[in-house]
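Since this is a predicted model, take the numbers as computed values, not measurements.
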Amino acid sequence: MDLITIKDEVELIAKLIAIFVGLVGVWRAIFEMRQNRRQREVEHHWKQSSQAKSLVDDIKSDYRCASALQMLDWAGREYRISDERKEVISEEEFASAMRINDLKFTRKEAFVRDCFDRFLERLESIEHYIRIDLIRFSDVNVPLAYYAKNAQSRPYLMKFIRSYQYELAESFLNRFDK
C-alpha cells in the first residue's frame, strides 16, 4: 500500500510541475506578446512622427508656403514675387490681399493669396492625416503652434479661411489655444 501512495505522490508532483511549467510558459508568451505590441506601437509612432516631420519640412521647403509662414511671423519682409521682382509686403498689403470681395488683385496681392492658398491646402492635409491617425497632432504642434496662433490673431485671414471653405485648415488652427 505504501508503494501506491508513493507512486501517487510522484504522479501528483509530476502533474504539479507540469502545471507550473505550463503556467510559466503561458506567462512568458503573454509577456512576449505585450513586449512585441509595445515595440510595434513605438515603431508606429516613429513612422507617424517621421511622416509629420516630412509634412512640416515640405511646408518649409516650398517657397510659397515658407513665404506664408514669414508673413505670419512679421510684416515688412521682402519676397520674390516673380523671377525678376522682389517686393516688400506690409501688414496692410497682406490684409488687403486676403479680402473676399473686389477680387481684382495686384501682382503682389496675387502672390500673397497664392502663398496662403498653398499653405492652407497643406494644413488641410495635415488635419486630414491627424483625423485618420496617419500622424499625431503632438508631432506637428511644436513646429506649427507659433504660426497657428499668429494666423488666429488675424481676423481678416480667418474670414478668408471661412469664406473659401478651408474647413480642415480652420479645424487644425482651432486645435491650438488662442
So, [X] and [Y], do they make that salt bridge, N to O below 4.0 Å?
X	Y	result
Asp117	Arg113	no
Arg122	Asp58	yes
Arg131	Glu127	yes
Glu91	Arg154	yes
Glu32	Arg28	yes
Arg162	Glu167	no

Minimal non-hydrogen separation, [X] against [Y], with atom names:
X	Y	result
Cys115	Ser67	SG-CB, 3.8 Å
Asn150	Leu72	ND2-O, 3.0 Å
Leu168	Glu124	N-OE2, 2.9 Å
Leu120	Ala169	O-CB, 3.8 Å
Phe105	Ala110	CB-N, 4.0 Å
Val88	Gly76	CG1-O, 3.4 Å

Mind telling me whether Phe94 and Phe116 have parallel, tilted or perpendicular rings, with 30° and 60° as the class edges?
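Parallel.
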
What residues form a side-chain hydrogen bond (donor to acceptor under 3.5 Å, both in side chains) with Ser96, not counting sequence neighbours?
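Per chain and number, Ser96 pairs via side-chain hydrogen bond (donor to acceptor under 3.5 Å, both in side chains) with Arg99, Glu109.
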
For a side chain to side chain contact (heavy atoms under 4.5 Å, CB included) check, start with the C-alpha distance between Ile130 and Arg175, then their side-chain angles and the critical distance, and finish with the verdict.
CA-CA 11 Å; Ile130 290 170; Arg175 288 177 178 271; 3.2 Å; yes

Within the side chain of [X], is there an N or O that forms a donor-acceptor pair under 3.5 Å with the backbone of [Y]?
X	Y	value
Asn174	Glu170	yes
Tyr79	Lys108	no
Tyr129	Gln48	no
Glu87	Arg80	no

Are [Y] and [X] connected into the same hydrophobic cluster when the rule is that any two of I, L, V, M, F, W, Y join if their side-chain heavy atoms are below 4.5 Å apart?
X	Y	value
Val42	Phe31	no
Ile132	Val140	yes
Trp46	Val56	no
Ile59	Leu157	yes
Trp74	Val112	no

Take Ile17 and Val21 through the side chain to side chain contact (heavy atoms under 4.5 Å, CB included) test and state the conclusion after the steps.
CA-CA 6 Å; Ile17 291 172; Val21 169; 4.2 Å; yes

From [X] atom [atom1] to [Y] atom [atom2], the distance as rounded to the nearest 0.5 Å:
X	Y	atom1	atom2	result
Gln70	Ile89	CD	CD1	10.0 Å
Arg40	Met33	CZ	CE	9.5 Å
Arg118	Arg64	CZ	CZ	5.5 Å
Ile81	Asp114	CD1	CG	10.0 Å
His44	Ser49	NE2	OG	9.5 Å
Ser125	Ile135	OG	CD1	9.5 Å

Worked check of salt bridge (charged side-chain N to carboxylate O under 4.0 Å, His left out) between Glu43 and Lys47
CA-CA 6 Å; Glu43 289 171 4; Lys47 289 177 184 176; 5.8 Å; no

Mind checking whether Arg136 and His45 have side chains closer than 4.5 Å, heavy atoms only?
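Result yes, sub-4.5 Å side-chain heavy-atom pair found.
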
Would you say that Tyr147 contacts Phe176 through its side chain, given a criterion of any heavy-atom pair below 4.5 Å between the two side chains?
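No, side chains not in contact.
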
May I have the step-by-step check of side chain to side chain contact (heavy atoms under 4.5 Å, CB included) for Leu123 and Leu173, ending in yes or no?
CA-CA 8 Å; Leu123 293 187; Leu173 294 172; 4.0 Å; yes

Ring center gap for Tyr156 and Phe160 short of 6.0 angstrom:
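Not under 6.0 Å, so no.
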
Apply side chain to side chain contact (heavy atoms under 4.5 Å, CB included) to the pair Arg37 and Glu41, showing each step before the final yes or no.
CA-CA 6 Å; Arg37 182 173 180 211; Glu41 287 172 357; 3.4 Å; yes

Would Gln51 and Asp139 count as a side-chain hydrogen bond (donor to acceptor under 3.5 Å, both in side chains) here? Give the steps.
CA-CA 9 Å; Gln51 183 64 35; Asp139 294 324; over 6 Å; no

May I have the step-by-step check of ring pair (Phe, Tyr, Trp, His ring centres under 6.0 Å) for Tyr166 and Phe172, ending in yes or no?
CA-CA 10 Å; Tyr166 285 109; Phe172 178 72; over 10 Å; no

